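First the structure, in the form of structure tokens, and then the observations on it.
Since we're looking at a predicted model, the values are computed, not measured.
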Amino acid sequence: MALPAYLCSGISLTSYPHELFRLSSNSLHTCTSQRLLCTTSLIATEQGNSSKPAKYRRRPKKSKPKSVDKPKELKAKVVDKSKKLFSNVSPHRAASAVRLLRIEEQGAYADLLNASSNEIKYIHSTLGFRIKPLDARDSRLVTDIVAGVLRWKRYLDYLIFSLYRGTKGANDIEPLLQQILRIGAYEIVKLGMPPYAVVNENVTLAKAALRIGAGNMVNGILRKIASCKENDTLPLPAVEGDSRSKARALGVIYSHPVWMVRRWMSYLGQEATINLMEWNNNPPCFGLRANNNKGISRDDLVVLLNKLEVPYKLSPYLEEFVHLTTGLQNVIQAGLIKEGTCAVQDESAGLVVSVVDPQPGETIIDCCAAPGGKTLFMASHLQGQGKVIAIDINRGRLRMVEEGAIIQALDSVVTTCHNDLCDFVVGSSIQADKVLLDAPCSGLGVLRKKPDLRWKRSLEDLEQLMSLQDKLLDAASLLVKPGGILVYSTCSIDPGENKERVDSFLTRHPEFIVESVEKFVPDEFVSEEGFYFSHTRNHFLDGAFAARLYRMTN
């Protein structure tokens with residue numbers, strides 16, 4: 001048996017000690033005397049024989065020098081420097097980076113995170129140091145930055161990695177550093193903030209939260225982005241080629257998933273798809289509904305908004321609603337929502353209730369009720385006569401319905417039921433005058449308000465949701481008495497979740513027919529088939545759909 005090559009090549013056995021000792025004594029005897037002497041010498045070296053040549057000896061391990069206490073003055077300087085570095089960290093940027101990290105890494109929903117004490121603790125534990133407490137202005141900045149970065153995430157990543165000349169890919173940059181880079185790029189490109197301030201603040205955050213090298217990387221990339229913006233040379237992909245290539249480029253430019261862009265282009269066309277994406281990327285507007293049940297008219301609400309100096313527009317569609325483009329935080333802080341004076345609700349959702357047309361004395365079932373906006377608006381129409389049964393599978397969210405009913409003084413007509421709709425109908429004898437199924441959907445009509453939702457949805461999700469919608473429609477139909485009304489609604493603009501689901505349902509349930517919504521909503525919201533449809537771009541509202549289905553008596 002020949003010796004391993006490393007024995008004949010003069011390579012030190014300190015790298016391969018175990019290979020040597022696996023050699024058998026028989027194999028050693030078969031070697032030439034020269035190789036045997038070489039081997040024996042090396043073995044002795046490994047065993048620590050100091051009489052052998054020095055080049056085979058192990059280098060003695062250097063003992064670590066004993067730690068010497070630094071003078072107290074020097075220790076104090078080091079601590080002060082750390083404190084100064086952390087106190088210079090921009091609190092709203094640090095909070096924004098951690099919130100974005102939670103959304104991307106843990107799947108948290110942006111609209112459920114806020115600057116609560118729990119979140120502040122999470123920020124401190126994630127960064128490893130404390131930041132200044134967030135004031136009201138910081139909290140608003142966190143909300144705006146997080147929403148903006150989420151909207152423009154794909155475009156921001158394209159900029160960053162077009163200008164980053166390192167060998168790493170997007171997935172190789174550590175998550176927190178990636179969020180800091182996105183924040184800086186967004187502030188420079190989309191907010192138009194002074195580049196020197198943006199670079200300085202984000203470099204400081206990267207150095208404090210990570211290391212000096214991370215700060216240097218942030219400095220280099222953000223300076224390149226600022227220079228390109230100043231020279232009007234920011235990189236953009238060319239919109240050319242086949243439909244897939246165009247969708248990919250448009251998905252980068254307007255920061256949407258490619259599957260979504262392709263689907264919209266297939267039934268809207270390229271120009272309308274671009275308009276829709278532009279709408280989604282704008283800051284959201286909000287609706288406020290005056291709580292008539294507590295004797296608050298829209299005029300009363302307007303007086304309160306004027307006192308708060310909150311700008312508004314009167315809704316042209318619903319007499320209880322006003323439209324806000326800014327100032328919602330002022331309304332919340334003034335306690336108007338907590339007191340039940342008004343509720344946050346988009347007019348598109350209010351128009352779905354108009355399609356239901358709740359009347360005093362009726363029994364209405366809301367099949368997927370939480371968080372309860374439509375439930376409570378329907379209940380307010382009953383004028384204390386009749387009832388709304390709110391069913392939902394999520395106990396925590398159903399609690400929001402119960403709390404809202406108490407705040408808005410509607411608990412006498414609202415009853416909640418924690419159950420899965422498909423289980424609820426088994427053996428149930430309840431049949432209602434009207435049933436609302438506001439079905440779980442993709443939410444493609446509310447992407448302006450929920451910017452993180454576009455990255456949480458996939459084409460596979462859409463297909464699964466359509467299957468679920470069919471099951472829920474079948475179950476809800478069992479709760480409608482003959483001569484009653486079933487309203488199917490979504491906050492989606494996708495035909496697969498809307499018209500196609502209704503067509504499929506009518507094929508399975510010939511006892512139902514479509515009743516046009518033309519009597520219940522303005523003409524501009526009525527489709528050719530008699531469905532309610534609010535288009536984001538045409539009506540400046542969330543996208544929503546509703547079909548009014550009448551159950552025949554025989």
Side-chain angles (χ1 to χ4, degrees), residues 111 279 282-332 334-359 364 366 369 371-383 388 400-401 404-405 407-410 436 438 445-446 448-450 487 489-491 517-526 532-546:
D111 56 347
W279 167 267
N282 285 323
C285 301
F286 295 93
L288 283 183
R289 173 175 62 82
N291 186 8
N292 292 346
N293 192 67
K294 293 186 74 172
I296 306 296
S297 67
R298 183 167 67 177
D299 291 341
D300 297 329
L301 179 58
V302 163
V303 170
L304 295 172
L305 294 176
N306 286 331
K307 287 182 179 179
L308 295 172
E309 298 182 348
V310 173
Y312 62 87
K313 290 183 179 179
L314 300 179
S315 169
Y317 312 118
L318 295 164
E319 62 182 14
E320 301 97 334
F321 283 71
V322 296
H323 195 73
L324 304 183
T325 55
T326 185
L328 179 61
Q329 287 301 318
N330 294 342
V331 174
I332 294 173
L336 300 188
I337 296 170
K338 188 176 182 179
E339 295 166 0
T341 301
C342 60
V344 179
Q345 190 167 33
D346 195 80
E347 293 138 284
S348 63
L351 288 167
V352 170
V353 173
S354 297
V355 172
V356 177
D357 187 35
Q359 297 296 322
I364 302 172
D366 192 350
K374 297 181 182 70
T375 305
L376 300 180
F377 192 24
M378 288 190 297
S380 69
H381 283 71
L382 299 184
Q383 300 176 13
V388 178
M400 297 170 67
V401 183
I407 290 171
Q408 297 185 32
L410 293 165
L436 171 62
D438 188 37
V446 294
R448 189 178 186 181
K449 283 192 174 75
K450 299 181 178 182
V487 174
S489 69
T490 72
C491 57
V517 301
E518 60 185 352
K519 300 177 184 177
F520 309 102
V521 297
D523 291 343
E524 61 191 282
F525 293 100
V526 183
Y532 157 72
F533 183 68
S534 64
H535 193 284
T536 55
R537 193 71 179 180
N538 295 345
H539 305 120
F540 304 102
L541 304 176
D542 289 345
F545 169 88

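- Annotation: side chain of Val352 is in contact with side chain of Leu436 (closest heavy-atom distance under 4.5 Å).
- Looking only at side-chain heavy atoms (C-beta outward), Leu288 and Leu328 come within less than 4.5 Å of each other.
- With hydrogens and angles ignored, the 3.5 Å screen pairs a side-chain donor or acceptor of Lys294 with a backbone N or O of Glu339.
- Here CZ of Arg289 is found 12.0 Å from CD1 of Ile296. Values are rounded to the nearest 0.5 Å.
- Within the 4.5 Å cutoff, no side-chain heavy atoms of Asp300 are placed close to those of Thr341.
- The nearest pair of heavy atoms linking Ser348 to Ala544 is CB-CB, 4.0 Å.
- Between the NE2 atom in His381 and the CG atom in Asn293 there is a gap of 11.0 Å [rounded to 0.5 Å].
- When all heavy atoms are compared, the tightest approach of Val322 to Leu314 is CG1-CD2, 3.9 Å.
- Tyr312 places no side-chain N or O within donor-acceptor distance of the main-chain N or O of Asn306, the cut-off being under 3.5 Å.
- Distance check, rounded to the nearest 0.5 Å: CD of Gln345 to CZ of Phe286 gives 13.5 Å.
- Separation of atoms OG1 (Thr490) and CG (Asp438) is listed at 7.5 Å; rounding is to 0.5 Å.
- Using a cut-off of 4.0 Å between Lys/Arg side-chain N and Asp/Glu carboxylate O, Lys449 and Asp346 are scored as salt-bridged.
- Atom SG of Cys285 and atom CG of Asp542 lie 9.5 Å apart (nearest 0.5 Å).
- Crowding of Glu319 atom CD: a count of heavy atoms from other residues, nucleotides or ligands under 6.0 Å not exceeding 12.
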Residues Thr536, Arg448; criterion side-chain contact (heavy atoms from CB on, under 4.5 Å); working and verdict: CA-CA 9 Å; Thr536 55; Arg448 189 178 186 181; over 6 Å; no

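- Residues Leu336 and Cys342 have side chains in contact (heavy-atom distance under 4.5 Å, counting atoms from C-beta outward).
- Put simply, the side chain of Pro316 reaches to within 4.5 Å of the side chain of Glu347, judged on heavy atoms.
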Check the pair Ile407, Asn291 against side-chain contact (heavy atoms from CB on, under 4.5 Å), reporting the backbone distance first and the verdict last. CA-CA 10 Å; Ile407 290 171; Asn291 186 8; over 6 Å; no

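- Here the side chains of Leu351 and Pro522 are in contact, with some heavy-atom distance below 4.5 Å.
- Across all non-hydrogen atoms, the minimal contact from Asn292 to Glu320 is ND2-CG, 3.2 Å.
- The nearest pair of heavy atoms linking Val487 to Ala546 is CG1-CB, 4.3 Å.
- In terms of heavy-atom proximity, Ser380 sits nearest to Phe377 at OG-O, 2.6 Å.
- At least one side-chain heavy atom of Leu318 sits less than 4.5 Å from a side-chain heavy atom of Ser354.
- For the pair Arg298 (side chain) and Phe321 (backbone), a donor-acceptor distance under 3.5 Å is present.
- Ring centroids of Phe525 and Tyr317 are separated by less than 6.0 Å, placing the two rings close together.
- Asp357 contributes atom CG, which lies 5.0 Å from atom CZ of Phe520 (distance to the nearest 0.5 angstrom).
- Shown here for Ile364 and Pro358, the closest heavy-atom pair between the two residues is CD1-CB, 3.4 Å.
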